[in-house]
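Counting from 1, the numbers follow the sequence of the chain as shown. In what follows, every heavy atom counts, from backbone to side chain, and hydrogens, waters and symmetry copies are set aside. Atoms within a ligand are numbered from 1 in the order they appear, just like the ligands themselves.
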Amino acid sequence: MKTTDCDVTIIGAGHNGLVAAAYLAKAGKRVRILEANGEIGGATTSVRAFPGFDARISRYSYLVSLLPDSIISDLDLNFECISRTVSSYTPYEHHGVNAGLFVSRQWDDATQASFTLLDPSGDEGRAWQKFYAEIAEFAECIAPTLLKPLMTRSELKALIAKPSIWNYLIERPIGEVITKRFKEDLVRGVVLTDALIGTFSSAFEIQANICFLYHLIGNGTGEWRVPKGGMGALVSELERVVRDAGVVIEVNQRVIKVESDFEGATVTTADGEEIRSQYVLSNAAPQILAELRGKIAPQSLDGSQMKINILLKRLPELKSGVDPRLAFAGTFHANESFSQCERVYVQAKKGEISAMLPIEMYCHTLSDPSILNPELAAMGYQTLTLFGLHTPAALFDGNNDAVREIALKSALASLNRYLAEPIESLIVGIEVKTPLDIEAEIGLPRGNIFHRDLHFPFREDDTEPSWGVETDDSRIFICGAGAIRGGGVSGVPGHNAAMAILAKV
Ligand SMILES: Cc1cc2nc3c(=O)[nH]c(=O)nc-3n(C[C@H](O)[C@H](O)[C@H](O)COP(=O)(O)OP(=O)(O)OC[C@H]3O[C@@H](n4cnc5c(N)ncnc54)[C@H](O)[C@@H]3O)c2cc1C
């Protein structure tokens, strides 16, 4: 048995572990990262997934909103995100006519015309603009608090000028305001999906509010941007920065035990090595950390998304006749009306997979062809990144391979409903990741993309000051998605865990 020392040991080299390491090392700490997998990055990797094709896709996470610009500048990361002019396109059929709700990132004539076609009264378009103006006000207040110690519920509430916004976003189920403000099922669904990505919930459960919030507050704008070069570009930059700062990263080093005493903590790897440090940060999920400490794991919802990565010869034509370069540039929603989402949620709870899954997708290569070999790009090849909603891990238990096939069929049928040609005729490469696949490959418990249920970004009034990263052991912290204000590609819990430690030493 070999024993080594450092100031801080980090379990896991996901992007948050790397962010924490970067801040600590820049502050002069000796940091060692132990990663169970052969590769670093966790849910933020890019890979050549399709043999014979030089296309480097973001295998798991694919869009960036929650990563504060200040982390990029603090760490001097050469990492760029590309804005999309299109926010979303949602095809629909009305009295045998195929059309679509087109929404630009900034309200414009095309968006106005699209809302007017759906609702000639103009009410729906006005409701949309008013609602998102209110959300923007809220996001601007919340975003700057994310890299500071947690505010209390009352302190945060006091920052929001209009109590009604706080009330419908925090206190009342999000489904209430959506159904009150919008009358079209399709529009309600487009609003709702931000509350469901990564969260297996009805619109009328508060957990959906929390998910909604995290999708709308990033950098104070809630804009989701395309990582240039794919999500792996972020990891490469973080790796460069931490190695330059002297951090030791070891792959294929699974941690199997964590213990602590008054003077420090000891981490044991599967190889039997013991690493002694003042502090331990867990980038692994809180459920895994609990297991490593011999404790009871915190409860959480199952992961509920399946991810499909596709390489196409070209983009498909749509029944509505819209240019596919517009339809797939932003988020393309299919069968995600409010009532469809609610219905499929109930079905999934009963253990059934819908024959027409609510799905959403976007084409990375329309914004950033750099992930393709130039020859493929010149030939018109494109990627599609598809998320299937309400596919909780429990649906796949005991029969992952067979149910994966069923779910894939349902997702493609859902897309084909709005296409003028079957998507299958254009696919040259495809990979499907169920929640169980995601757990097996990168250790996200039950495939939960946020490690565990998200929390509101505040602490209750009667609780101790906190960064949202502490555990019941003063030597052990969470620096990953499972922290309060973790979840998503943000670096926020990595930053906050580093600050919590630096405040102590
Ligand atoms: C399919 C999918 C799509 C997503 N899409 C988006 C998106 O578009 N935008 C977005 O913002 N978020 C998205 N997310 C969520 C986001 O990717 C994650 O919440 C975030 O990347 C988590 O980062 P992390 O660094 O905290 O943890 P992880 O990336 O999970 O890294 C944890 C690391 O710890 C390692 N580890 C675990 N146990 C041990 C152990 N015992 N010993 C050593 N190492 C261990 C793991 O191997 C892993 O490398 C998505 C997630 C998934 C799965």
Considering [options] one by one, which has a heavy atom nearer to [atom] than any of the others?
{"atom": "atom 24 (P) of ligand 1", "options": "V255, N283, V492", "result": "N283"}
{"atom": "atom 4 (C) of ligand 1", "options": "S61, S58, G482, G494", "result": "S61"}
{"atom": "atom 39 (C) of ligand 1", "options": "A20, P435, A284", "result": "A284"}

Exercise. Please check if any side-chain donor atom of Y62 sits under 3.5 Å from a side-chain acceptor atom of N309, or the reverse.
Key: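 Result is no, nothing qualifies.
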
Quiz item: Side chains of S466 and E470: do they bring a donor and an acceptor to under 3.5 Å?
Solution: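 Looking only at side-chain atoms, E470 and S466 do form a donor-acceptor pair, the distance falling under 3.5 Å.
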
Give the residue, atom name and distance (to 0.1 Å) of the protein heavy atom nearest [atom].
{"atom": "atom 46 (C) of ligand 1", "result": "E35 OE2, 3.6 Å"}
{"atom": "atom 29 (O) of ligand 1", "result": "A43 N, 2.9 Å"}
{"atom": "atom 3 (C) of ligand 1", "result": "Y60 O, 3.2 Å"}
{"atom": "atom 9 (N) of ligand 1", "result": "L63 O, 2.7 Å"}
{"atom": "atom 31 (O) of ligand 1", "result": "G14 CA, 3.4 Å"}
{"atom": "atom 15 (C) of ligand 1", "result": "I449 O, 3.3 Å"}
{"atom": "atom 10 (C) of ligand 1", "result": "V489 N, 3.4 Å"}

What atoms of ligand 1 come closer than 4.0 angstrom to any heavy atom of [X]?
{"X": "F387", "result": "1 (C), 2 (C), 3 (C), 4 (C)"}
{"X": "W224", "result": "9 (N), 10 (C), 11 (O)"}
{"X": "Q253", "result": "43 (C)"}
{"X": "G42", "result": "29 (O), 31 (O), 48 (C), 49 (O)"}
{"X": "A481", "result": "19 (O), 22 (C), 26 (O)"}
{"X": "G12", "result": "33 (C), 34 (O), 35 (C), 44 (N)"}
{"X": "H451", "result": "26 (O), 27 (O), 28 (P), 30 (O)"}
{"X": "R254", "result": "41 (N), 42 (N)"}

Quiz item: Among I11, N37, D271, I33, whose side-chain contact (heavy atoms from CB on, under 4.5 Å) with Q253 holds?
Solution: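 Considering I11, N37, D271, I33, a side-chain contact (heavy atoms from CB on, under 4.5 Å) with Q253 is found only for D271.
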
Lys/Arg-Asp/Glu bridge criterion (N-O < 4.0 Å) met for [X], [Y]:
{"X": "D437", "Y": "R59", "answer": "no"}
{"X": "E259", "Y": "K295", "answer": "no"}
{"X": "R446", "Y": "D302", "answer": "yes"}
{"X": "R243", "Y": "E239", "answer": "yes"}
{"X": "D76", "Y": "R240", "answer": "no"}
{"X": "K228", "Y": "D368", "answer": "no"}

Within less than 4.0 angstrom of ligand 1, does [X] place any heavy atom?
{"X": "I11", "value": "yes"}
{"X": "G443", "value": "no"}
{"X": "K433", "value": "no"}

Exercise. Could you go through the salt bridge (charged side-chain N to carboxylate O under 4.0 Å, His left out) check for E274 and K257 one step at a time?
Key: CA-CA 9 Å; E274 288 186 350; K257 193 162 42 162; over 6 Å; no

Quiz item: Near Q299 CD, under 6.0 Å, is it more than 12 heavy atoms from other residues, nucleotides or ligands?
Solution: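 At most 12 heavy atoms, drawn from other residues, nucleotides or ligands, come within 6.0 Å of this atom.
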
Exercise. Could you tell me whether E291 atom CD has more than 12 heavy atoms of other residues or ligands within 6.0 Å of it?
Key: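 Atom CD in E291 is not crowded, with 12 or fewer foreign heavy atoms closer than 6.0 Å.
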
Does [X], backbone or side chain, put an N or O under 3.5 Å from an N or O of ligand 1?
{"X": "G487", "answer": "no"}
{"X": "G17", "answer": "no"}
{"X": "A13", "answer": "no"}
{"X": "K307", "answer": "no"}
{"X": "T44", "answer": "no"}
{"X": "G488", "answer": "yes"}
{"X": "A36", "answer": "yes"}

Self-check item: Side chain, backbone, both or neither: the part of V64 lying under 4.0 Å from ligand 1 by heavy atom
Solution: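 It is neither; nothing of V64 touches ligand 1.
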
Self-check item: Region of I442 that comes within reach of ligand 1 [heavy atoms, distance under 4.0 Å]
Solution: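 The answer is the backbone of I442.
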
Quiz prompt | Minimum side-chain heavy-atom gap H495-I71 below 4.5 Å | solution =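 Yes, close enough: below the 4.5 Å cut-off.
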
Quiz item: Do the non-hydrogen side-chain atoms of E431 and I308 ever get within less than 4.5 Å of each other?
Solution: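 No, too far: nothing below the 4.5 Å cut-off.
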
Quiz item: If you draw the axis of the six-membered ring of F53, does the NZ or CZ of R48 fall within 45° of it and under 6.0 Å from the ring centre?
Solution: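 Judged by the rule (NZ or CZ under 6.0 Å from the ring centre, within 45° of its axis), R48 is not positioned above F53.
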
Quiz item: Would the H333 and Y89 ring centres measure less than 6.0 Å apart?
Solution: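 They do not qualify: ring centres at least 6.0 Å apart.
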
Quiz prompt | Distance-minimising heavy-atom pair for V344 and H390 | solution =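 Looking at all heavy atoms of both residues, the shortest contact is CG1-CB, 3.9 Å.
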
